[in-house]
Amino acid sequence: MDFAYFEAVMAFFGLASIVIGSFADRLTGHMLREPQATSTERPRRHSQQMMTK
């Protein structure tokens, strides 16, 4: 096997792992983020926070 070919294949896999890792981090962050409160939940959350203070 030619060394240049091997080097190109290794560079491709290195870049692919970076792209896949970045995508996985972004997807994980999206999945773990707290869901947005709906308009009916906002006043209730606010009143619960005020009662605990």
Donor-acceptor pair, side chain of Ser22 and main chain of Val19, under 3.5 angstrom: no
Interatomic distance, Phe13 atom CZ to Ile20 atom CD1 [nearest 0.5 angstrom]: 9.5 Å
Value rounded to 0.5 Å, distance of OH in Tyr5 from CE in Met10: 12.5 Å
